[in-house]
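Here the structure is a predicted model, which means the values were calculated and not measured. For this chain, numbers begin at 1 and follow the sequence in order.
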Amino acid sequence: MTKPLHFDFVISNPRHHLEMALSVIACLHESRATCRILSLCELRGFATPAERIAPPAELFRIVPWNMRRSPASGDSNATRRWIRALAWHCLMAPRVRLALRRRPDLAVLPNDDAYPYDRIAGTLRQRRIPFLMVQEGIRFPLPGGVGQGYGCAGASAIAAWGQSSAAYFRGKGVAPERIRVTGNPRAGGARGRPDAETSERARSRWDLGPKTLLLCTNPIEDQGFCTRAEKLTLIRRFARGIAPLFDDPAFCLAVKLHGREAPSDYEPLFRELPADRFRVLTDAPLSELFAASEAAVVLASTVGLEALAGGLSLGVLEIPGFGFQYDYVQSGAAVGLSWQEPMAAQVAALFRPSASREMQTRTYLRRQLDS
């Protein structure tokens, strides 16, 4: 009898990384393949959800304890590089070598350029272990990037979300025969606004008003766009800028934090706003917040794609010195929120229907998410 194939899935996020991995693992299990998840979640400040990984998958923690304040700490690029190199050589590299004593037939990575995936990809190449890179999010060059670029680390194949991503990887020099357009399992299905009952139920659960703006933050300091203090200053400036919108009793603000961000950092930024009409949320499911909201604002995140797929108007907040990230604004699918104009007026425009923007959004989503 032929020996079953064995696959290793590397993740660093217990949400979208794990969700994508588990859907594939379920199919592989039916074909008698064995699967293992190599978790870097603790490196990112998350806890690996072992209870969700139980059979049919095995679990190996590359980082056995929470390191949130280490590899991503420090505001200077030099400090960050030094800490990351130390963490890799002293902790992660030995653990990766230990895991690979059980040689997989294929490793699956969500990234091959960002730390420490770049090091893991290099280790796999050295050991002649083939790997598949599954697109994890939107693609844009990060400040101070030192790698070859996303998708350029020698993957045997790349699973791209849509034709736009396929074109991007071809432009980076990836051979066309190594690119497969597979769609995005988290945002490529049903699109558009939910029915009124679903929206009302979501607003009631999270105590939100009928005219809710969803602000989705993310750790742009770790992406190299600014320091943590500068990011918080940016959000405080945005909160003050939209204060006039609260003159409308129906207006409400929901602030959805990234899993690595703390409410205690954000709540003071909104003290000047009506206390009963803003919420700083961490565990609320994005799908419910999309249903409860009419418009969303992002910084540099895949959440913008999901918001557009959920039928929301999208605004992208300008990052000083770097402009509007990804191609949401350039494509016409989103509104760029500039610091050169009154912020309240720009955000208010998100709540007004725009037939041209809706048409551009449909075209954009087809290019981004359809297989």
Side-chain angles (χ1 to χ4, degrees), residues 137-140 161-168 181 183-184 186-203 208-216 238 241-242 244-254 256 286-319 323-371:
I138 57 177
R139 323 154 319 266
F140 48 82
W161 285 356
Q163 294 298 335
S164 176
S165 291
Y168 168 85
V181 177
N184 176 357
R186 299 187 73 238
R191 296 176 190 162
R193 300 296 297 150
D195 58 64
E197 182 179 348
T198 299
S199 294
E200 179 57 36
R201 188 163 55 245
R203 286 194 293 268
L208 298 170
K211 193 175 181 180
T212 293
L213 174 70
L214 176 62
L215 170 63
C216 297
F238 177 77
I242 65 170
L245 298 179
F246 286 87
D247 291 342
D248 181 347
F251 183 79
C252 189
L253 175 66
K256 177 66 168 70
L286 271 172
S287 59
E288 294 188 18
L289 293 181
F290 291 154
S293 305
E294 296 296 320
V297 172
V298 298
L299 298 167
S301 170
T302 305
V303 171
L305 273 178
E306 298 183 60
L308 288 171
L312 276 68
S313 297
L314 180 66
V316 180
L317 191 60
E318 180 183 10
I319 301 176
F324 308 114
Q325 291 308 300
Y326 198 43
D327 61 357
Y328 298 125
V329 175
Q330 296 87 330
S331 71
V335 174
L337 303 177
S338 168
W339 297 109
Q340 305 306 312
E341 302 291 337
M343 189 58 67
Q346 295 178 84
V347 172
L350 295 176
F351 291 89
R352 294 193 288 270
S354 169
S356 62
R357 195 166 68 239
E358 289 177 8
M359 182 176 65
Q360 289 171 308
T361 295
R362 287 194 295 271
T363 302
Y364 179 75
L365 289 174
R366 283 196 297 270
R367 288 277 298 162
Q368 291 288 333
L369 300 174
D370 286 349
S371 58

Inset, instruction - Provide the closest heavy-atom pair for A291 versus S199 in the form atom of the first, atom of the second, distance. - result: O-OG, 3.0 Å

Legend entry - Closest non-hydrogen atom pair, A296 against L312: CB-CD2, 3.8 Å

Legend entry - Closest non-hydrogen atom pair, A309 against L369: CB-CD1, 4.5 Å

Legend entry - Flag side-chain contact, heavy atom, 4.5 Å: K256 against L286: yes

Legend entry - Check against side chain to side chain contact (heavy atoms under 4.5 Å, CB included), V297 and F238: CA-CA 11 Å; V297 172; F238 177 77; 4.3 Å; yes

Legend entry - Inter-residue atom distance Q330.CD - Y364.OH, 0.5 Å rounding: 8.5 Å

Legend entry - Heavy-atom check, side chain of D327 versus side chain of Y168, under 4.5 Å: no

Legend entry - Shortest non-hydrogen separation from L317 to F324 and the atoms involved: C-CD2, 4.2 Å

Inset, instruction - Could you grab the distance from atom CZ of R362 to atom CE of M359, nearest 0.5 Å is fine? - result: 7.5 Å

Legend entry - Closest approach of G304 to L314 (non-hydrogen atoms, all atoms of both residues): O-CD2, 3.7 Å

Legend entry - Any Y328 side-chain heavy atom under 4.5 Å of L308 side chain: yes

Legend entry - Side chain S293, main chain F290, donor-acceptor under 3.5 Å: no

Inset, instruction - Grab the two heavy atoms, one from Q325 and one from L299, that are nearest each other, plus how far apart they are. - result: CB-O, 3.9 Å

Legend entry - Interatomic spacing from OG1 in T302 to OH in Y326 - rounded to 0.5 Å: 8.0 Å

Legend entry - Donor-acceptor under 3.5 Å (E341 side chain, L337 main chain): no

Legend entry - Side chain Q346, main chain S338, donor-acceptor under 3.5 Å: yes

Legend entry - Test item: Q368 side-chain N/O and L305 main-chain N/O as donor-acceptor pair under 3.5 Å: no

Inset, instruction - Evaluate the side chain to side chain contact (heavy atoms under 4.5 Å, CB included) criterion for residues E294 and L214: first the C-alpha distance (whole Å), next the side-chain angles of each, then the deciding distance (0.1 Å), finally the verdict. - result: CA-CA 8 Å; E294 296 296 320; L214 176 62; over 6 Å; no

Inset, instruction - Indicate yes or no for a side-chain donor-acceptor contact from D195 to the backbone of T198 under 3.5 Å, with no hydrogens or angles considered. - result: yes

Inset, instruction - Can you measure from CD (Q163) to CZ (R366) and round to the nearest 0.5 angstrom? - result: 12.5 Å

Legend entry - Verdict with supporting geometry, L245 and K211, side chain to side chain contact (heavy atoms under 4.5 Å, CB included): CA-CA 10 Å; L245 298 179; K211 193 175 181 180; over 6 Å; no

